[in-house]
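Along the sequence shown, the residues carry numbers beginning at 1.
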Amino acid sequence: MDIRAVGQPITASQRRSYSQTPDSSFYQTFQSAFAAAEGRVADTASGASAAGPTSAEALEAILGRTHVELSALRGVDSDSQARYARVLDEAYGSGAMGNARQFLRSLSAEELEAVRRNHCLADPIDVGAISEEGARNLLLPEGYGVDMNRDGFEEVGAALVAHFPPREAPAAVREAWFQTTASMEDGDVLTYSLMMHGAVHGLRIDGQNVPTAYKADDIDSYRRLVSDFLSALEAHRGQISSAQYERDKDFFTRLSGFLQA
């Protein structure tokens, strides 16, 4: 994933809370990396795993740093990641992304289990019960995704996932966000990501988003949103702990400064 903030790579915590839409070169780049890694395995190891390339370096080159990092945190072994990479290579090479649900139906139980494990899903994948968006996102490594109905959420199998900043956010908003969260812990990045996402896209009730007054593609909406958070913080200061007040005050003040720059 090639996302940078102020000329520097974003942190692991930031990558894990952000999702990027694959660009026009993504699929070809993936296939080239897979072919190169598989070729090296074939040349150097007669007893190589049938799953495919399994070294950390090869998997990162194929699936991306975010996917490999999250796999390590979740305890997904290299063989499962390699099997998942092989599934993706087959999907991309056969043009299956145009009908991801049909492709998933063609997979063996072992292959579906690799897909499930690599996306950390709790239950077995029921292809008949998921949408095309849910299917397509299962065939993208962590760090990438599509929002086909543009509701601000990603269906990943039967799961619903929220990311921040939104894909349609202006570049200045993304840069402000990455600067503000550069030194923050995973949990704090996630907390503020969810707060901002909920404010922009609205809470989801009975499968529908509650409309908000903010626009995901308008920088002035983000400036107004942060100002509203700061105002609400002062209005409710007596109802929250001093530590929470200071944390939120510091975060939204810094974010406001970067958005105004």
Side-chain angles (χ1 to χ4, degrees), residues 1-5 9-23 25-27 29-31 33-34 37 51-92 96-97 100 103-104 107 111-125 130-148 152-167 174 177-178 181 185-187 189-191 193-194 197:
M1 180 182 293
D2 187 21
I3 307 171
R4 309 178 76 82
I10 66 174
T11 67
S13 296
Q14 292 170 325
R15 285 198 308 276
R16 294 167 193 160
S17 66
Y18 185 75
S19 178
Q20 186 176 15
T21 303
D23 61 21
S25 66
F26 170 82
Y27 300 103
T29 299
F30 180 100
Q31 291 178 273
F34 184 88
T54 59
S55 73
E57 294 80 7
L59 289 171
E60 183 173 316
I62 298 165
L63 295 168
R65 182 178 299 177
T66 298
H67 188 99
V68 172
E69 285 177 346
L70 285 172
S71 292
L73 289 173
R74 296 165 175 171
V76 181
D77 60 50
S78 60
D79 279 344
S80 181
Q81 292 177 66
R83 189 165 286 107
Y84 177 63
R86 186 176 292 282
V87 168
L88 300 192
D89 185 64
E90 181 182 345
Y92 303 162
M97 293 303 278
F103 177 79
L104 288 174
L107 298 181
E111 290 169 328
L112 271 179
E113 174 61 10
V115 174
R116 183 197 70 79
R117 289 198 66 201
N118 276 266
H119 278 285
C120 200
L121 302 179
D123 299 317
I125 297 169
I130 63 177
S131 68
E132 180 63 17
E133 180 180 311
R136 192 171 298 184
N137 281 321
L138 288 176
L139 298 176
L140 289 170
E142 295 280 12
Y144 292 88
V146 294
D147 177 11
M148 295 174 68
F153 293 86
E154 290 175 13
E155 295 174 50
V156 183
L160 201 63
V161 180
H163 293 287
F164 192 86
R167 291 175 176 78
R174 292 197 299 274
W177 178 258
F178 292 137
T181 58
E185 299 292 333
D186 283 20
V189 175
L190 177 60
T191 295
S193 293
L194 292 175
H197 182 277

Taking the side chain as every heavy atom from C-beta outward, state whether [X] and [Y] have any atom pair closer than 4.5 Å.
X: L59; Y: S78; answer: yes
X: F103; Y: M97; answer: no
X: P22; Y: V146; answer: yes
X: V161; Y: F153; answer: no

Could you walk me through whether Q14 and W177 satisfy the side chain to side chain contact (heavy atoms under 4.5 Å, CB included) test, starting with their C-alpha distance in whole Å, then the side-chain angles of each, then the deciding distance to 0.1 Å, before giving a yes or no?
CA-CA 9 Å; Q14 292 170 325; W177 178 258; 5.6 Å; no
Looking at [X] and [Y], what are the two nearest heavy atoms and their distance?
X: H197; Y: G152; result: NE2-O, 2.7 Å
X: A37; Y: A58; result: CB-CB, 3.9 Å
X: A100; Y: E132; result: N-OE2, 2.7 Å
X: I130; Y: A158; result: CG2-N, 3.7 Å
X: F34; Y: P53; result: CE1-CD, 4.2 Å

[atom1]-[atom2] distance between [X] and [Y], expressed to the nearest 0.5 angstrom:
X: H119; Y: L138; atom1: NE2; atom2: CG; answer: 5.5 Å
X: S55; Y: I62; atom1: OG; atom2: CD1; answer: 8.0 Å
X: N118; Y: E113; atom1: CG; atom2: CD; answer: 9.5 Å
X: Y27; Y: L139; atom1: OH; atom2: CG; answer: 9.0 Å
X: T21; Y: L140; atom1: OG1; atom2: CG; answer: 9.0 Å
X: E154; Y: R136; atom1: CD; atom2: CZ; answer: 12.5 Å

When you look at V76 and Y84, which way does the side chain to side chain contact (heavy atoms under 4.5 Å, CB included) test go after all the steps?
CA-CA 11 Å; V76 181; Y84 177 63; over 6 Å; no
Angle class for the F26/F30 ring planes (parallel below 30°, perpendicular above 60°, tilted otherwise)?
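Tilted: the ring planes of F26 and F30 meet at 30° to 60°.
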Taking the side chain from [X] and the backbone from [Y], do they hold a donor-acceptor pair closer than 3.5 Å?
X: E133; Y: M148; result: yes
X: R116; Y: P124; result: no
X: R167; Y: G145; result: yes

Do H67 and Y144 have a side chain donor and acceptor closer than 3.5 Å?
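No.
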Applying side chain to side chain donor-acceptor pair (under 3.5 Å) to S71 and R117, what does each step give before you reach the verdict?
CA-CA 9 Å; S71 292; R117 289 198 66 201; over 6 Å; no
Using ring centroids (six-membered ring only for Trp), state whether Y18 and F178 fall under 6.0 Å.
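Aromatic pair counts; centres sit under 6.0 Å.
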Looking at R15, R65, R74, which hits side-chain hydrogen bond (donor to acceptor under 3.5 Å, both in side chains) with E142?
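Only match with E142 under side-chain hydrogen bond (donor to acceptor under 3.5 Å, both in side chains): R74.
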